[in-house]
Every structure is written in structure tokens, then in C-alpha cells.
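A quick write-up on the structure given underneath.
Any value given below was found using the heavy atoms of this structure, including those in side chains, with hydrogens, waters and symmetry copies removed.
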Amino acid sequence: MFFYDVNDWDFIQVLGALPSAPAITRAHLLGGFGVIVDSDDATAWWQALTRDRGEEGAAKAVAQLIINSGGARVLSLIKAEAAGRRVVPRADDSKLARLLFDESQEESLVDQETLKLIVCEYYAETHVPRDNEDDELPEPDDEFEPEDAEEDEDAGEDGPSIFDLFSGKPRASAQGGAQWTLERVQHPAKGFLTVPDRWKEKDLEDFLWSEWETIDFGFDRPIYLVGRQKSLSEGTSDRVDLLAKGRSGEHIAIELKIVEARRGDYTQLTSYMGNMQSSGVPADKVRGVLVAPGFSKKVLNSAAIEPRITLLRFNKGP
């Protein structure tokens, strides 16, 4: 695509208008783009992105964040604009939607039209239609809740707190004399757990759940299984595969993959970690574990600079 002049101020404004909590945005910056920031300030995020990939690359990264994290309403507006349809913002639209599409916000930006063009053209270039996607775009509509999203059985009227989710009866993982071992990629262990090629992720999850006490996860001390398929935040149907705790109060989100883990899987894990931190778990007590038969280079590079994330590998066989 022809790239326009990038104005720092405008991109800082839309970064600050993302609906996700700052901790979650920082997790996306790390998991999706390998950019580490320890500040909740949007200016620091933009500066870190431009240092890492230049202005053009930073602008594309922000466009990707908007598409992925801006919400269903913002995405529908971007789709309509990219398709050449007339977009009419509403008074109740989010700040992000209004910054991009409401002409009354022009005075708060240096060049609203260029900002909008960059985001919408990036979407048009990178969007791959799904087989079941309608050829005709629907009218931009309100955000919606998935019809098949299940309510958490343990949730009260306002839903469980993050600490409630970790309050289940703990089950310790094995240490010496374990029946199976998962290889810790950063510090390889002696042996591997091998699972059948035909297994799906649900089979792997069921196995780990039932055999937890017989598996060595490669840590110095046991970790304690406390839950499975738990939602860590409201407004999403995403559920973490397994939850565990460490002896020193660590809260551990475990993401399972039956095929090679790629950047999107790593990003999902960091999102869970951001959920825990934004829900009150201290940053130094948040941990993530990604379990897979292999890891892409981008996942390995990202995990190499994030000590709170552990990669665990197993084998697949007949």
C-alpha cells in the first residue's frame, strides 16, 4: 500500500483510546510484536513501537491492534469504510470509533483522514475472507454477545473474582519418580511425554487434568492444578485451558496446543496474563505456560525475553 505521512500525535491518541485495560494492551504489544513496555502511557507505547520497527511499521502495528482489540463496532466501521461504503458514526460510539470516523473530532487530531486511511487500507490489504463469510457486508451494528457463550457455573451475580478462580482444591504436579515428563524448552529435561497423533486438544486437556499428579512440568517445585476452562474476564467467550498455582502465590495460566504453537497462541496466553494482572494479581505473581509439540521462531524469540512465560514441549507419535 502507498504509505502516508505518519503523525505521532494521532497514533498516540488512538492507542490511548483502545478499550482494553493498559496491562492487556502491553501484553498484546509483547506477544504480538515482541515489544516490551513497562508503562501504561500510550506515548511510551508508540515510542517503543517506532524504535523497534520505524514509523511505518509502528503505524501498521497500531492498525492491527485497532482491528484486533477495538471491538466489534469499530471493526464493522472499518470493514464498511474499506469497502467504500458511507460510514455514519453514532453519538454513543466509543472514543476510538469517533477518533477514526467522527468529523467533529478532527480538531483533536492533526490529520484524521490520513489516520483513517492508514487503518482501513491496512485492513483491506491484510484481511483474508473466511469461506463462511458473507459477500455482502452487514450494516455496522452494535457489539454483540456470542449466542453460544456459556455462563461460568461458578459465577455469582457479578461473576467470580480472579482469586475465586484460583481457590479450587489444589492438586500437586509430580517431581521425582514422575510417570511422564514435559520438556521445558528453556531448560530441557531428560524425557518427553508422547501423545497419539490422532489426539485433539480436548484429549490433551483431559489427559493432563486426570494425570496431573503423575506429570513433572520441569519446575523446581510442584505446581498445583486448581481449575480448567475458566473465563478470566467479562465480555469474552475466551476460556483459559488450565489454571494452577505455585507455592509462593504464583497464579499460572496454561494454554494447550496440539499442533505447533504460533504467535497468535502466544498472544492469547499473554492476554490471559494481562487479564489476571488487571484483576488484581501482582505482576510478579503472574505466570503463563504454553504447552505444545513445537514452537514457531517468533514464539521462541518472544519467550526468550519474558521470564514469566514457560514453554513446555511434548512428543506426538503413533
Side-chain angles (χ1 to χ4, degrees), residues 27 152 154 160-196 199 201-232 239-258 261 265-266 268-277 279-295 299-300 302-304 306-317:
D152 196 310
D154 299 328
S161 73
I162 192 68
F163 300 102
D164 291 334
L165 297 177
F166 283 87
S167 62
K169 182 179 178 180
R171 296 164 51 193
S173 60
Q175 293 285 277
Q179 186 172 350
W180 291 284
T181 299
L182 287 162
E183 181 189 35
R184 185 169 181 173
V185 172
Q186 294 97 327
H187 305 287
K190 294 181 179 180
F192 298 100
L193 165 68
T194 299
V195 306
W199 269 20
E201 282 180 22
K202 179 65 164 55
D203 297 315
L204 176 63
E205 181 184 321
D206 289 343
F207 174 80
L208 294 180
W209 178 261
S210 64
E211 300 292 337
W212 186 269
E213 292 89 348
T214 66
I215 301 171
D216 182 352
F217 286 81
F219 294 98
D220 294 335
R221 298 187 293 180
I223 56 176
Y224 298 85
L225 182 66
V226 295
R228 69 191 292 191
Q229 291 299 320
K230 296 293 186 180
S231 176
L232 298 181
R239 290 170 178 263
V240 64
D241 293 325
L242 299 172
L243 288 176
K245 292 185 73 173
R247 281 188 177 176
S248 299
E250 298 89 349
H251 290 61
I252 308 165
I254 302 175
E255 177 73 0
L256 308 177
K257 304 305 296 182
I258 201 65
D265 306 315
Y266 185 90
Q268 184 68 65
L269 179 61
T270 59
S271 178
Y272 291 143
M273 295 169 67
N275 288 152
M276 291 193 292
Q277 186 171 332
S279 298
V281 179
D284 64 343
K285 297 297 183 183
V286 172
R287 299 289 188 273
V289 175
L290 186 56
V291 180
F295 305 92
V299 170
L300 292 171
S302 297
E306 175 48 90
R308 299 182 303 169
I309 289 180
T310 298
L311 307 181
L312 297 178
R313 183 160 65 90
F314 60 88
N315 271 346
K316 296 179 71 176

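- Within the 4.5 Å cutoff, side-chain heavy atoms of Tyr224 are placed close to those of Arg247.
- In terms of the side-chain hydrogen bond (donor to acceptor under 3.5 Å, both in side chains) criterion, Ser210 has no residue partners (sequence neighbours excluded).
- Under the rule for a side-chain hydrogen bond (donor to acceptor under 3.5 Å, both in side chains), Glu250 has no partner lying at least two apart in sequence or in another chain.
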Could you give me the CA-CA distance, side-chain angles and deciding distance for Leu242 and Trp212, then say whether side-chain contact (heavy atoms from CB on, under 4.5 Å) is met?
CA-CA 11 Å; Leu242 299 172; Trp212 186 269; 4.1 Å; yes
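- Put simply, the side chain of Asp241 gets close to the backbone of Leu256: a donor and an acceptor are under 3.5 Å apart.
- Shortest non-hydrogen contact noted between Ile215 and Leu208 is CD1-CD2, 3.4 Å.
- Between Ser279 and Leu232, the shortest heavy-atom distance links the atoms OG-O, 4.1 Å.
- The minimum heavy-atom distance linking Ser271 with Ala27 is given by the pair N-CB, 4.3 Å.
- For the pair Lys316 (side chain) and Ile258 (backbone), a donor-acceptor distance under 3.5 Å is present.
- Here Arg308 pairs with Met273, Gln277, Ala283, Val286, Arg287, Glu306 under the side chain to side chain contact (heavy atoms under 4.5 Å, CB included) rule; sequence neighbours left out.
- Here Trp199 pairs with Phe207 under the ring-ring contact (aromatic ring centres under 6.0 Å, His included) rule; sequence neighbours left out.
- Residues Val240 and Ala253 share a closest heavy-atom pair of CG2-CB, 3.8 Å.
- Under the side-chain hydrogen bond (donor to acceptor under 3.5 Å, both in side chains) criterion, Lys202 pairs with Asp206, sequence neighbours left out.
- For the atom pair CD of Glu205 and CZ of Arg228, the computed distance is 4.5 Å after rounding to the nearest 0.5 Å.
- In this view, Lys257 and Glu201, Asp265 satisfy the salt bridge (Lys or Arg N to Asp or Glu O under 4.0 Å) rule, not counting sequence neighbours.
- In this structure, OG on Ser302 lies 11.0 Å from CG on Leu269, to the nearest 0.5 angstrom.
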Run the side-chain contact (heavy atoms from CB on, under 4.5 Å) test on Arg313 and Asn315 for me, step by step, so that the C-alpha distance in whole Å, both residues' side-chain angles and the decisive distance to 0.1 Å come before the verdict.
CA-CA 7 Å; Arg313 183 160 65 90; Asn315 271 346; 4.1 Å; yes
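- In this structure, NE2 on His251 lies 10.0 Å from NZ on Lys285, to the nearest 0.5 angstrom.
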Please lay out, stage by stage, how Val195 and Asp203 fare under the test side-chain contact (heavy atoms from CB on, under 4.5 Å).
CA-CA 9 Å; Val195 306; Asp203 297 315; over 6 Å; no
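- Nearest heavy atoms, Ala303 versus Leu311: CB-CD1, 3.7 Å.
- A 4.5 Å side-chain heavy-atom check between Thr310 and Phe217 finds every atom pair outside the cut-off.
- For Tyr272 (side chain) and Ile252 (main-chain N/O), no donor-acceptor pair under 3.5 Å exists by modelled atom type.
- A distance of 8.0 Å separates CG of Leu312 from CD1 of Ile254, quoted to the nearest 0.5 Å.
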